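In the text below, chain A, chain B and the rest are named by the order of the sequence lines, each starting its count at 1. Being a predicted model, the structure only gives us computed values, none of them experimental.
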Number of protein chains: 2
Amino acid sequence: MPKNLSEQLLHELGSSIVQGKRQPGELLPKVETLSEMKGVSRTVVREAMKGLSARRLIESSTRTGTVVRPREAWLWWDPDIISWAAAAEENQSFLMQLTEVRLAMEPAAVKLAAKNADEEDIAAIRHRYDLLEQSVNSEDEWVAADAAFHEAILHASHNELMQSLIQTLQEGLYQSRHTTMRILQRAGDSSRRMALDLHRDVMTAVIEGKEDEARMRMETLLHTVSRLLKEYEAEVKKEAPK
Amino acid sequence: MPKNLSEQLLHELGSSIVQGKRQPGELLPKVETLSEMKGVSRTVVREAMKGLSARRLIESSTRTGTVVRPREAWLWWDPDIISWAAAAEENQSFLMQLTEVRLAMEPAAVKLAAKNADEEDIAAIRHRYDLLEQSVNSEDEWVAADAAFHEAILHASHNELMQSLIQTLQEGLYQSRHTTMRILQRAGDSSRRMALDLHRDVMTAVIEGKEDEARMRMETLLHTVSRLLKEYEAEVKKEAPK
DNA sequence: AATTATTTGTCCGTATGTATG
DNA sequence: CCATACATACGGACAAATAAT
């Protein structure tokens, strides 16, 4: 998947750090040694190192060598770091943290959308909602239509920073949720129909420019989905206990 | 300031892109040319490029060369990108967006703190508040004490992701605000005394575990400070109109 | 469809800078 | 002050990919 050798090595080293296989404070092998270990040139190793230090996972200094930086220095909002952390064995706590941020940001974004949406935005949102309505009977189409709807709302906030943030956030959640998503889909059309109503409520408030209304309805939507998720998780656990 | 040549070049190229001097879609000079232009080796150029592509500011492919990626692909939550954007000429819109995110995140973090703070956290928060109280008469000490107080609250949220996010956020705002800060400080002890009360209210709610109370009080605090800022900005503008 | 030109990607020998012992 | 060990920097060579001819 990675395009070139240095990206490959970057992912290998990066995930080993984020997943705790290399602890903060630990000294990495010197460039020459790594080059031999991985069978690549020093150039490739050095370029991978640049990727790691751009994410503040490591710090290099002459003579001392290259050490893994403490967790609080890491740039957690890098999509790769999030992806590596979400792919870790023990990721429950991390996913909860991601969810907490989402619960804070999405309603705020919708509130902004209600304030800032122009005619073009509203047309786009309406269109996405129609597509959502049409795909209420299809498991596969629903997921894509749902994402597109949220993206249209997000775009209407006219805040690039929030868009970027929520996007990386969603990707992180998505990666570790595709199994759970399947579970939710199994719930069938009825829960999707319920979700559809909640989506329409959000849309209406945005179109009418009712900021706080829009924010609260998004909160309701998120909490409902989260409750559904928990219920079905519990149910599955009951059916197949380990 | 930058430690080595490649970081120097990275900052030069990175800020020129973020500040719009090199537009999305534009083709960068090839490695060899850049190497000659800047008087550094190709190795240095290549390593700087790695830094830019880690931040998704550029994309390279063989034969085609290296192009500046569209703004929506950029990793906006990289501290360097934020710093470059905050240092731009036309940064009003960017600062507003940063502020909007802050207004969403800080109250959410305080709410979490009210939920999750343990004895240790509470002791730390109390301590920071005492320092804040003691520095109400000193312009210089206040800024540092205020930051420390917010950091202690943030730490009590027990959410590394939020901490990281708000920290980079604050650094971005701080960089472009140090002039405005001076203005606010000029307001004298009275406004600081008012702010102190608001801080105490937040602290109390956190200690008592009143989540929504804590969130709302932080919202009040932020809005009050923002209002004070605007008032003094307007006043200064009146005194010295351009 | 085959060839060529151009640019990134990769390798490596070598030299320099810097902090440690 | 010298020796050592590491990152940093330089540049020539070749490989791989792809747009243009």
Would you confirm whether [X], through its side chain, and [Y], through its main-chain N or O, come within 3.5 Å as a donor-acceptor pair?
X: B:Arg69; Y: B:Leu57; answer: no
X: A:Gln23; Y: A:Gly20; answer: yes
X: B:Lys3; Y: A:Ser60; answer: yes
X: B:Glu106; Y: B:Leu222; answer: no

Legend entry - Along DNA chain C (nearest heavy atom to each residue), the more 5'-positioned of A:Arg63 and A:Leu5: A:Leu5
Inset, instruction - Would you classify A:Thr64 as touching base, sugar-phosphate or nothing, given that sugar-phosphate means primed atoms plus P, OP1 and OP2, and contacts are heavy atoms under 4.0 Å? - result: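 A:Thr64: no heavy atom of the nucleic acid under 4.0 Å.
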Inset, instruction - Enter the inter-axis angle for the ends of the helix from C:dA2-D:dT21 to C:dG21-D:dC2 (five pairs per end, rounded to 10°). - result: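 The helix from C:dA2-D:dT21 to C:dG21-D:dC2 shows an end-to-end axis angle of 10°.
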Legend entry - Test of ring centre spacing under 6.0 Å for A:Phe149 and A:His199: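 Ring-ring flag for A:Phe149/A:His199: true, centres closer than 6.0 Å.
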Inset, instruction - Any ring pair (Phe, Tyr, Trp, His ring centres under 6.0 Å) involving residues 29-75 of chain A? Give me the pairs, sequence neighbours left out, ordered by first then second residue. - result: A:Trp74-A:Trp76
Legend entry - Strand-adjacent residues in residues 35-54 of chain A, judged by heavy atoms under 4.0 Å from DNA chain D: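 Of all residues in residues 35-54 of chain A, the ones placing a heavy atom under 4.0 Å from DNA chain D are A:Arg42, A:Arg46.
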Inset, instruction - State plainly whether the residues B:Arg128 and B:Glu151 are in salt-bridge range, i.e. N to O under 4.0 Å. - result: no
Inset, instruction - Mind checking side chain to side chain donor-acceptor pair (under 3.5 Å) for A:Arg22 and listing every partner two or more places apart, or none if nothing turns up? - result: A:Ser16
Inset, instruction - State which residues pass salt bridge (charged side-chain N to carboxylate O under 4.0 Å, His left out) with B:Glu47; sequence neighbours excluded, sorted by chain then number. - result: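 So B:Glu47 forms a salt bridge (charged side-chain N to carboxylate O under 4.0 Å, His left out) with A:Arg46, A:Lys50.
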Legend entry - Residues B:Asn159 and B:Ser157: side-chain donor-acceptor under 3.5 angstrom: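 Checked: B:Asn159/B:Ser157 side chains show no N/O donor-acceptor pair below 3.5 Å.
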Legend entry - A:Glu32 CD to D:dT8 C1', straight-line distance once rounded to whole Å: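 Spelled out: CD on A:Glu32 to C1' on D:dT8 is 14 Å.
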Inset, instruction - Find the distance B:Lys30:NZ to D:dT18:P and express it as a whole number of Å. - result: 19 Å
Legend entry - Range on DNA chain C touched by chain B, heavy atoms, distance below 4.0 Å: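 The protein-touched segment is C:dA5 to C:dT10.
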